[in-house]
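Residues take their numbers from the sequence shown, with the count starting at 1.
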Amino acid sequence: MAKPVDFFVFSVLVTGSNRGIGLGLVKRFLELPSPPKWVFATTRDMEAEKSKELRELACKYPNLVVLQLDVTKLESIQAALKEVQKYVGEGGLTILYNNAGIWVFNDLQTENAKDMMRVYSVDTIGPLQMSQAFLPLLKKAARRSPCQGLSSSKAAVINMSSTAGSIELVAFWDQYQFIGYRCAKAALNMLTKCQSLEYPADGIMSVAIHPGSVNTKNNPDPEISVEESTQGIMTVLSKLCEEDNGTFLDWLGRPVPW
């Protein structure tokens, strides 16, 4: 796949970035010809083995800051916010990429309140609380940007969704049902739409992105690699404009039905 069109963002935060797509996105931002001044990567457990590659990257790239973050805990979000503020100052946060997500392989018979609420708390409420907390920094970035209109180079909330949450497509139903995950992503899509109606007044755009069926640890039916997905997403991000606000796109920039 061709390299993405170069674009510059002052700062970006990617949640759930110790492995998989999140880690891939962090790498893509660091490898840009004009990389962000600050890239914030988050993990729930800084010392865990699964965070080792992220820690090693931080030794290599001085503009990469690794933060402990649990998107389900407000005190953790606030602690991360304070750290980000120290680095970005008046420059603000250009992109908040709500990538952190989980799923449980429950069908209609086995789905239960405990599992469903756990998935919902990470996949839907997490992005809501992150967006609420980091909104002042997103506003700062938008105010300081010379860009006209809406774009990811000015200020953006990007929510990682899935075609599994598309009410029209109900993708992959024959392979697996995971009811809680589907419902949580459908709710995240609505959150994205609501944000797209509220945030433009402050110069912030909101977009939902489906990364594709990616070859990660927990995906039983992959179609593309993490690198293919994240390279595609970077190309999409580089081209986002005002007309894309409030849309649901895949990793190739194709519209996805709600």
Got a sec, which pairs hit salt bridge (charged side-chain N to carboxylate O under 4.0 Å, His left out) with one end in [range], sequence neighbours left out?
{"range": "residues 195-213", "value": "Lys139-Asp202"}
{"range": "residues 153-180", "value": "none"}
{"range": "residues 114-133", "value": "none"}
{"range": "residues 79-101", "value": "Glu83-Lys86, Glu90-Lys140"}

Report the hydrophobic cluster partners of [X], with the cluster defined as I, L, V, M, F, W, Y residues connected by side-chain heavy atoms closer than 4.5 angstrom, directly or transitively.
{"X": "Met116", "answer": "none"}
{"X": "Ile179", "answer": "Leu108, Val170, Trp173"}
{"X": "Met117", "answer": "none"}
{"X": "Leu191", "answer": "Leu128, Leu188"}

Query raised in the report: Does any pair with a residue in residues 227-250 pass ring pair (Phe, Tyr, Trp, His ring centres under 6.0 Å), and if so which ones, sequence neighbours excluded?
Result: Phe248-Trp258

Report task. Sorted by first residue and then second, give each side chain to side chain donor-acceptor pair (under 3.5 Å) pair with at least one member in residues 49-65; sequence neighbours left out. Result -> Lys27-Glu53, Thr43-Ser51

Requested in this report: Please list, chain by chain and in numerical order, all residues satisfying salt bridge (Lys or Arg N to Asp or Glu O under 4.0 Å) with Arg182, sequence neighbours excluded.
Outcome: none

Report task. Kindly write out the residues that satisfy side-chain hydrogen bond (donor to acceptor under 3.5 Å, both in side chains) with Ser121, not counting sequence neighbours, or none if the list is empty. Result -> none

